[in-house]
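In what follows, a single structure is set out as structure tokens and then discussed.
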Amino acid sequence: MAMTLAEKVFKAHLRDEPFPGTKVLDIDVVMCHEITTPVAINDLVERGMDRVFDPRKIKVVIDHVTPAKDTKTALQGKIVRDWARRHSIPDFFDIGRNGVCHAIFPEKGFIRPGYTVIMGDSHTCTHGAFGAFAAGVGTTDLEVGMLKGVCAFREPKTIRVNINGTVPEGVYAKDIILRIIKELTVKGATDCVVEFQGNVVKKMSMESRMTLCNMVIEAGGTSGVCMPDKVTVNYLWPFISSEYADKKAAVADFKKWWSDKGCAYVKVLEIDVTNMEPQVTFGYKPDEVQNVTELAGTRVDQVYIGSCTNGRLEDLKVAAAYIKGRTISPMVRGIVSPATPKIFREADKLGLIKIFMDAGFCVTNPTCGACLGMSNGVIAPGEVCASTTNRNFNGRMGKGGMVHLMSPAVAAVTALEGVITDPRKYGKGGAA
Amino acid sequence: MKKFGGKVLFLDRSDINTDEIIPAKYLTEISKEALKPHMLEDLKLEGFYPNSPEVKDSSVIVSRGNFGCGSSREHAPWVFEVNDINVVVAPSYARIFRQNMFNCGMLAIELSEADITSLFEHKVAGAVIDIDFAKKQLTISSGKGSRTFDYQISEFDRALVEAEGWVGFADAKY
Ligand code: SF4
């Protein structure tokens with residue numbers, strides 16, 4: 001029978017079907033951060049079940065508030081740190097080596113095609129970019145994952161999104177996913193996996209594919225998914241080279257996960273990007289999306305470039321191309337947060353950190369920080385933030401604040417002008 | 001099993017997200033009890049005042065579509081739980097929120113849009129909802145009379161409620 005990628009992953013990991021329609025899967029990677037894990041740890045301790053199913057399959061990072069900002073966040077870090085040490089979890093990333101979870105875990109080669117991945121974080125869908133089934137879960141699912149290495153799901157349906165056409169100048173993966181969320185609406189993909197196909201996706205870097213998959217949850221989706229191909233193999237090669245004779249063999253092997261011809265989709269969406277404009281959100285919901293020209297001129301107080309959506313090297317390169325040799329508006333506070341130490345180092349090597357600092361940006365350590373309004377750039381009531389993150393909910397980056405979601409390109413030129421600006425005005429990355 | 005039913009809090013808006021249910025700044029708490037005063041603190045809704053006696057007395061939430069979207073934080077069901085709200089009734093949920101509710105042994109009941117609209121007709125008159133878990137029935141009573149609705153619940157969700165959550169269920173089985 002023809003199967004989707006998600007169905008194949010489910011089949012390969014099925015541990016039990018306790019009731020019709022409920023699939024209990026073996027989980028390959030259980031990822032933890034310091035916000036949603038401490039309650040799970042404390043609960044296991046209280047129940048006298050302070051164990052983990054397999055320390056090598058658990059990956060832990062302190063990323064949301066780091067360095068700790070107060071006693072409470074210090075305690076959250078401590079609970080996770082002590083637990084990781086107690087159970088000899090080898091892949092634990094503490095300050096100095098830590099970065100935003102959905103950026104650092106792929107970078108370490110932890111995610112492979114066909115894997116099942118869970119984390120107590122809604123943007124876990126990001127990792128589907130590798131052809132994995134990766135789902136955000138709550139603390140209880142996480143707790144059971146840590147203890148037993150299983151998680152229960154309903155059999156997922158798949159929505160296929162074909163992205164075709166020629167990507168115009170000034171348009172990036174972020175614009176494309178914002179447009180897709182607008183079409184699907186905030187609940188259009190609930191209980192579904194969203195599979196990205198088409199010639200545009202084929203040519204995309206892993207970073208761009210992660211940006212696409214990252215925001216699937218904003219349409220209610222369980223996991224984003226891309227077919228694992230040459231691009232995936234090239235990205236993972238340092239980690240898998242001992243497992244395959246050559247890259248060709250790896251590409252051939254990964255193909256077994258691809259959705260079969262004739263598999264069942266609940267919906268197929270066609271997106272032609274050829275005439276697309278850069279996209280920006282305007283309300284408190286991520287499906288409230290407009291062309292940048294309609295929002296151009298909107299005043300902003302802060303520009304934030306970072307997060308698991310757009311804090312990767314590719315994003316910093318795009319933004320820096322517009323910023324280079326220019327200074328940001330004196331009316332704007334600019335913050336750049338490279339998502340991992342590796343990204344930070346590479347950006348530094350390429351001179352990007354200097355470009356940002358010369359322009360007047362504050363460059364922070366890798367952390368979630370301002371993205372969820374917990375630290376490192378919370379905005380005041382009435383303030384507006386132009387942001388490369390993924391959520392524009394009321395109060396998300398600070399109570400009473402407004403967030404406009406956009407690509408690193410739009411964010412960069414918005415910082416220059418102090419108002420939402422169309423990057424196409426600056427030509428090819430502002431080479432002018 | 002938890003106690004289900006009681007006074008109703010009507011939240012007449014779709015897409016209520018978990019940031020509105022419990023803002024991120026309280027996620028630094030490591031006890032559920034500490035969340036208690038902050039339930040629905042950032043919810044913008046006409047006529048809704050967090051911490052009003054009406055809100056504090058409620059045991060059931062009736063709301064609109066895509067309830068609990070956004071962040072995966074289980075702090076959302078927890079803040080309801082510590083405020084003695086163990087039931088939400090809505091036409092649809094975000095997947096993670098719905099799962100979190102059942103994983104905590106709480107009820108996220110799905111009714112049709114039409115049935116939800118009928119429930120909202122009781123909004124003006126101090127309504128109470130009773131749940132008959134065995135019969136899979138929900139009865140709303142108010143100054144406007146009373147009406148009973150049948151609801152569907154999957155076998156798995158039912159087992160989770162009976163086991164008072166997923167940890168107990170999974171530990172016994174896996
Ligand atoms: S960067 Fe933002 S969206 Fe991503 S994991 Fe951190 S808080 Fe969540």
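Side chains included, hydrogens not; waters and symmetry mates left out as well; all remaining heavy atoms used. Residue numbers begin at 1 in each chain, while the letters A, B, ... track the order of the sequences.
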* Verify, without hydrogens or angle tests, whether A/Glu143 (side chain) and B/Trp166 (backbone) share a donor-acceptor contact under 3.5 angstrom. => no
* Structure fact -> Among residues 66-75 of chain A, those lying within the under-4.5 Å heavy-atom range of chain B are A/Lys72, A/Thr73, A/Leu75
Who among [options] has the most heavy-atom pairs with chain B under 4.5 Å?
options	value
A/His123, A/Lys148, A/Met374	A/Lys148
A/Thr190, A/Asp141, A/Val186, A/Asp43	A/Asp141
A/Gly149, A/Gly220, A/Ala152	A/Ala152
A/Val378, A/Asp121, A/Asn42	A/Asp121

For [X], is it the side chain, the backbone, both, or neither that has a heavy atom closer than 4.5 Å to a heavy atom of chain A?
X	value
B/Asn100	side chain
B/Asp157	side chain
B/Phe169	side chain
B/Glu155	both

* **B/Glu54, CD atom: more than 12 neighbouring heavy atoms under 6.0 Å** => no
Using non-hydrogen atoms and a 4.5 Å limit, figure out which bit of [X] sits close to chain B: side chain, backbone, both or neither.
X	answer
A/Thr139	both
A/Leu142	neither
A/Val24	side chain
A/Phe53	neither
A/Leu372	both
A/Met119	neither

[Y] side chain reached by [X] side chain, heavy atoms, under 4.5 Å:
X	Y	answer
B/Glu74	A/Val39	no
A/Pro38	B/Ile30	yes
B/Lys44	A/Tyr284	yes
A/Arg154	B/Arg95	no
A/Ile35	B/Arg73	no
B/Lys173	A/Val150	no
A/Ser122	B/Ile96	yes

* **Reported CH2-to-OG1 distance for the pair B/Trp78 and A/Thr140, which is rounded to 0.5 angstrom** =>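 Spacing of CH2 (B/Trp78) from OG1 (A/Thr140) equals 6.5 Å.
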* Salt bridge present between B/Asp19 and A/Arg391 (N-O < 4.0 angstrom) -> no
* Side-chain donor-acceptor contact under 3.5 Å, B/Asp42 with A/Asn394 -> no
* To do: Please determine, among B/Lys32, B/Glu29, B/Glu20, the option with the most heavy-atom pairs under 4.5 Å with chain A.
  =>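 Heavy-atom pairs under 4.5 Å are most numerous for B/Glu29.
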* Check B/Gly168 against A/Arg47 and note the closest heavy-atom contact, atom names and distance. => N-NH1, 4.3 Å
* **Among B/Asn66, B/Asp15, B/Asn17, side chain to side chain donor-acceptor pair (under 3.5 Å) partner for A/Lys285** =>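 That would be B/Asp15.
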* Before giving the answer on side-chain contact (heavy atoms from CB on, under 4.5 Å), spell out for B/Leu27 and A/His64 the whole-Å C-alpha distance, their side-chain angles and the decisive distance to 0.1 Å. => CA-CA 10 Å; B/Leu27 304 187; A/His64 276 55; over 6 Å; no
